[in-house]
Amino acid sequence: MEDKTSGCPRDPVIRVTAMPADANAYGDIFGGWLMSQMDMGAGLIAARRSRGRAVTVAMDGTQFHLPVKVGDEVSVYGEIKRVGRTSLTIAIEAWRRHRHEEEEVKVTQAVFTFVAVNEFGKPRVIDQEK
């Protein structure tokens, strides 16, 4: 993943505004909502790379660094770390930007593992040529 402080532009897999329905009574966004956004972003990367359906089988190394508040813009970035015979490992980071500011800060990260599956839900081989 390109370092956000390096000045190298990169496009998010997902960008969304955190809404009141996604928050607790204190205005903090639920960790589960944030993990869901990260899983969706990783799933998009996995489906594109495997050229078909891919399912989440594991999520490791989750760390919450800072809270996300209602109204914050959340950007999810991802990078494929490994492509195996039927599985992919994808590193995901979520960054927040307060609504009226320019600075983004990393709020969480995790590593997702996906398995490519066929129409019957059975593992299928991922084309190693890309």
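Not measured: the values here are computed from a predicted model.
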Enquirer: Decide yes or no on salt bridge (Lys or Arg N to Asp or Glu O under 4.0 Å) for R51 and D127, but give the supporting numbers first.
Expert: CA-CA 8 Å; R51 295 187 177 98; D127 181 10; 3.4 Å; yes
Enquirer: So, for L34 and A94, which heavy atoms are closest and what is the spacing to 0.1 Å?
Expert: CD1-CB, 4.0 Å
Enquirer: So, using side-chain contact (heavy atoms from CB on, under 4.5 Å) as the criterion, who are the partners of R97 when residues are at least two apart?
Expert: E73, E104
Enquirer: Has the side chain of R48 got a donor or acceptor atom that lies under 3.5 Å from a matching backbone atom of G43?
Expert: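 Side chain of R48 to backbone of G43: no pair is present.
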Enquirer: What pairs of donor and acceptor atoms, side-chain ones from residues 20-31 against any protein atom, are under 3.5 angstrom apart with sequence neighbours left out?
Expert:
residue	atom	partner	partner atom	Å
D22	OD1	W33	NE1	3.3
D22	OD2	M19	N	3.2
D22	OD2	W33	NE1	3.4
N24	OD1	Y26	N	2.8
N24	OD1	G27	N	3.2
N24	OD1	D28	N	3.1
D28	OD1	K69	NZ	2.5

Enquirer: Looking at L88 and S50, what are the two nearest heavy atoms and their distance?
Expert: CD1-CB, 4.2 Å
Enquirer: For V13, check side-chain contact (heavy atoms from CB on, under 4.5 Å) against everything at least two apart and list the hits.
Expert: L44, I45
Enquirer: Could you pull out all residues at least two apart from R85 that satisfy side-chain contact (heavy atoms from CB on, under 4.5 Å)?
Expert: V125
Enquirer: Taking F64 as the starting point, is it possible to reach V76 by hopping between hydrophobic residues whose side chains are less than 4.5 Å apart?
Expert: yes
Enquirer: Side chain to side chain donor-acceptor pair (under 3.5 Å): which pairs involve residues 58-68, sequence neighbours left out?
Expert: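 Listed by first then second residue: H65-Q109.
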Enquirer: Minimum heavy-atom separation for A42 to I90, with atom names?
Expert: O-CD1, 3.4 Å
Enquirer: Might you point out which heavy atoms bring T17 and G71 nearest each other, and give the distance in Å?
Expert: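 The pair with the smallest heavy-atom distance is CG2-O, 3.8 Å.
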Enquirer: What pair of heavy atoms forms the shortest contact from S87 to R82, and how long is it?
Expert: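 Minimum heavy-atom separation between S87 and R82: OG-NH2, 2.9 Å.
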Enquirer: Would you say the side chain of V111 lies within less than 4.5 Å of the side chain of T89, judging by non-hydrogen atoms?
Expert: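 The answer is yes, as the side chains (C-beta and beyond) meet within the 4.5 Å cut-off.
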Enquirer: Could you report the tightest heavy-atom contact between K106 and W95, atom names first, then the distance?
Expert: N-CE3, 3.2 Å
Enquirer: Apply the test side-chain contact (heavy atoms from CB on, under 4.5 Å) to residues M59 and D39: give CA-CA distance (whole Å), side-chain angles for both, the deciding distance (0.1 Å), then the verdict.
Expert: CA-CA 9 Å; M59 182 180 76; D39 189 25; over 6 Å; no
Enquirer: Only distances under 3.5 Å count here; give the side-chain donor-acceptor pairs of residues 114-121 to other protein atoms, sequence neighbours excluded, each with its distance to 0.1 Å.
Expert:
residue	atom	partner	partner atom	Å
N118	OD1	F120	N	2.8
N118	OD1	G121	N	3.1
N118	OD1	K122	N	3.0

Enquirer: Given V68, which partner from the list Q37, H98, R96 fulfils the side chain to side chain contact (heavy atoms under 4.5 Å, CB included) test?
Expert: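 Among Q37, H98, R96, the one meeting side chain to side chain contact (heavy atoms under 4.5 Å, CB included) with V68 is R96.
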Enquirer: Run the side-chain contact (heavy atoms from CB on, under 4.5 Å) test on V105 and L66 for me, step by step, so that the C-alpha distance in whole Å, both residues' side-chain angles and the decisive distance to 0.1 Å come before the verdict.
Expert: CA-CA 8 Å; V105 294; L66 294 167; 3.9 Å; yes
Enquirer: Quick one: do R49 and V83 satisfy side-chain contact (heavy atoms from CB on, under 4.5 Å)? Show the steps, please.
Expert: CA-CA 9 Å; R49 175 58 183 86; V83 178; 3.9 Å; yes
Enquirer: Could you measure the distance from the CE atom of M40 to the CZ atom of F112? Nearest 0.5 Å is fine.
Expert: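 Separation between the atoms: 10.5 Å.
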